[in-house]
Amino acid sequence: MNLDSARQAFMAEVAELLQSMEDALLTLEEDPEDPESLNEVFRAMHTIKGTGGVFGYNSVVDFTHQVETLMDQVRSGLIPLTGPLIATLFECRDHTARLVDAIGDETGSDEPPLDPELRAAGEALLARLGQPPASDAPAGSEGVADPKFLPVASDLWMITLKFHRDSFRDGIDPLSFLRYLGSLGDLVHVATLLDAEPTADDAFDPESCYLCFGIAFRSEADKPTIAGVFEFADQDCEIRILEPDTAQAKYLDLLAAVPDEQVGWLGDLLVRIGALTSGELAHALRTQGSVLEPDPDAAPAKGKRRLGEILVEQGSIKPAVVEQAVKTQEAVRARRQEETQHIRVDAQRLGHLIDLVGELVTSSAAIRVMVQRAGIEDMSDVVDGVDYLVSEIRDNALQLRMVPIGDSLSRFRRVVRDASQELGKEIELVITGGETELDKTVVEKMTDPLTHLIRNSIDHGIETPEVRLGQGKRAGGTVHINAYHDSGHIVIEIADDGAGLDVARIRAKAEAKGLVKPEEVLTQEETLRLIFAPGLSTKEQATNLSGRGVGMDVVRRNIEALRGTVELESQLGVGTKVTIVLPLTLAIIDGFLVGAGPDQYVIPLAQVAECVEMSEAEAVKRHGERYINLRGEVLPFIRLIDLFESAGRDRAGQRESLVVVRFGHHKVGLVVDTLLGELQTVIKPLGKLFERLRGVAGATILGTGDIALILDVAELAAIAEGGRDIADKRRAHA
Amino acid sequence: MGELVLSNRSTASSHAESDGEVTQYLTFSVAEERLAMSIDAVKEIIETPVVTRVPMTPDYIRGVINLRGNVVPVIDLGARLGRGPITLTKRSCVVLVEVRVGQDGHVLGMLVDEVRNILEIPFEDIKPPPEFGSEIRTDFIEAMGRVDDVFVIILSVDHVLSMQELAALRKLSQEAAPSGTDVEP
């Protein structure tokens, strides 16, 4: 086994577990009673401990074990979950992440020695967790039995636990399960048995577990809940749970409630309604497989009876329940299939697939060109078919890499929580549209800019409760993240109901920094955009979070590097809204090919609104004219050959076309010579040499093998605008 | 005519250290001047393919080419050395060179008038560059190599194809560019 890849899997698993722990803690802050979240925290710590143990990462095991023990006590109601305790648990979560990171940095297979600082931090945390003195904790399983309630009543659950030899080595503590079980009801009687029959060559090993428990248990809980107690011991323990008579009636009701026509696997069904645990089923299936042909579902009625018989014999279930279950199997089958429809795939493999699809797109374009050149009529139908399939494959392949943005947005709950505590503000984060999907590579690259924008909202935007109340607002502020799809793009809005941006101050600051001249007249929108200029921050006092003036220009650059745009709306005293528009994917897009002079360019199809002919009537040909009358609408336009200084064409008398493109709320016309139609465009990066080139988003290889550049419309408009300003000024001076 | 792939790159980069050792140089001409370049950086030489112009870039960036499905930028060595853009002829070639920036290698094409041959210049025939008197920027010249009693200029790949400088200069000239672009004559 490749240890490195196993370790990577461990790292990935830990990251996921810590994320869910964080989510659970955030939920617990709102509702400290939420049992699911309590379990989640416990499970995260427990699983990390267990897996860490497999690798021998003792630092991780030691730390998480302590936290797990604490959570166990919290879960059993021994320790109240207070606000400070949750805060400490947050820190424990972070500390675990650091411990695991420290391991991740090492390449050797041995655990690195623990950094003393890290160790001290961990010990301090554990001390703050304030483990209660031993006398406070219940003594565990023994001595709980009360002589007045001997296990004779029929309302008792009978539970037998037989731990495997390796239980201790796997980090399982049998007593913790009994303690937790005790929180669900009365441990009427616990019989502790030794399962030790050491053979001659298998001497007693003090590290092995030889324990068996027989438990009489009184509880209102259902079977899955009780079985759930032992969920973590599944692999290390034989568990048998036999329900009291009172529970039988409930199962029958449950089974009857399932529609008859939905029939599935018997065992799964019983497990699902809680009459059977999966361990019991597995055991029964093994028994069945060893006696009869393993064919439980080919002949449903017969197979089920056999499994049912075994289950009854095994003592896992009573006959009446099995009978009822016969009618309700298909529902389980359907659900079962649903559950197995997810596959985890290495992101690199997906990337490779998408690269190959890109090559396929290019190759099929090349075939089309050749077929057209050769003029083979019969072939063009086939080529159309192939084209259609290729575009379907492309869409599906890209879809594979689409992830809901919500997963990455939820981490901002933590950012908001920490920051608002630090600043003494009350801030609520509302996330809508989390199910909106976009390319995973884009999601990853958006984390930093989004974090920055959200911190800005918290820090500069939302005021302190006193200030807010003074202005007649609610004491608590809201940061709202909203995501949705819009014409081949994803839009992410970050809005706050805070102080808003002070246009006058931005202006003053920009003048002080020499970004604008005092005599220049700017619209509100233009002034707000100055925020994105390098070195401009309006907050007088730089805080820990933001305000060093190196933020927004970096945010803008990051977003533009993804071929996205960012816009800002703000009203003083009411709030600020930042709108980010991003392409859905970085790999392949639908493009629209145009010719300008000797060159060909691709415009992203999603941005093309319409194409019209540049007739004499519409274009005003006066010198310096740059607007066109498009059905009464004033539309600025850019003549590509002028902007690009294309050579070798006499423009007079040429017919030109106007491609109307939109970006954000803006529209602009691109004047081109020829319209060459739609094509699938595999985006090839232009590389480091052109990283500062504006107006061109990348390149693509056409079917002919030629290269066409992909235009960045928003930047082109900005360049043309800048050029005009300079030209205008020059004219004004002249 | 196919492409000439140079497989012989065995002479290591330690060429300047021990005397008697021989380093191989690719010689080519630009604006009728014979130039050389250590063959270590050269990956491949191809006939000039269709070069797609990239707008709003200075003249030393000739454009981009399709190299087996990859988009590779091409530098006009004539313009880069201050001799004016190269006029394409049957003999003009693109020399593909790998330039390292930090950890990453970037492939650049270098358009030249003509590729001449591969020379071995013994260490003792390699002289330091002249301090003045050359029409080429002095930092572009790594050394002078004597070949048949004639000196050829050995170019410094790091300086001539400095990614940082190429990308930054592009920006400078682009800032100046828009002023003239949108005014109709």
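Below, read A as the first sequence line, B as the second, and so on, with proteins coming before strands; counting in each chain starts at 1.
One finds the CD1 atom of B:Ile65 at 12.0 Å from the CG atom of A:Asp706 (value rounded to the nearest 0.5 Å). Atom CZ of residue A:Phe690 and atom OG1 of residue B:Thr57 lie 6.0 Å apart, to the nearest 0.5 angstrom.
Residue A:Lys684 places its NZ atom among more than 12 non-hydrogen atoms of other residues, nucleotides or ligands, all under 6.0 Å distant. Within a 6.0 Å sphere centred on CZ of B:Arg91, heavy atoms belonging to other residues, nucleotides or ligands number 12 at most.
Of the atoms belonging to A:Leu711, not a single heavy atom falls under 4.5 Å from chain B. When heavy atoms are compared at a cutoff of 4.5 Å, A:Ile707 approaches chain B by way of both its backbone and its side chain. Proximity to chain A (any heavy atom under 4.5 Å) is restricted, for B:Val50, to the side chain, taken from C-beta onward. Looking at B:Ile75, only its side chain comes within 4.5 Å of chain A, counting heavy atoms on both sides.
In this structure, the side chain of B:Arg53 does not engage the main chain of A:Pro598 through any donor-acceptor pair within 3.5 Å.
Closest of all the heavy-atom pairs between A:Leu709 and B:Val54 is CD1-CA, 3.8 Å. For the residue pair A:Leu643 and B:Met56, the shortest heavy atom distance occurs at O-CG, 4.2 Å. In plain terms, the two heavy atoms of A:Gly705 and B:Asn66 that are nearest each other are O-ND2, 2.8 Å.
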Query - Check against side-chain contact (heavy atoms from CB on, under 4.5 Å), A:Lys688 and B:Leu166 - result: CA-CA 10 Å; A:Lys688 195 168 173 57; B:Leu166 292 177; over 6 Å; no
Query raised in the report: Run the side-chain contact (heavy atoms from CB on, under 4.5 Å) check on A:Leu689 and B:Met163 step by step: do they pass?
Result: CA-CA 6 Å; A:Leu689 184 61; B:Met163 191 62 90; 3.9 Å; yes
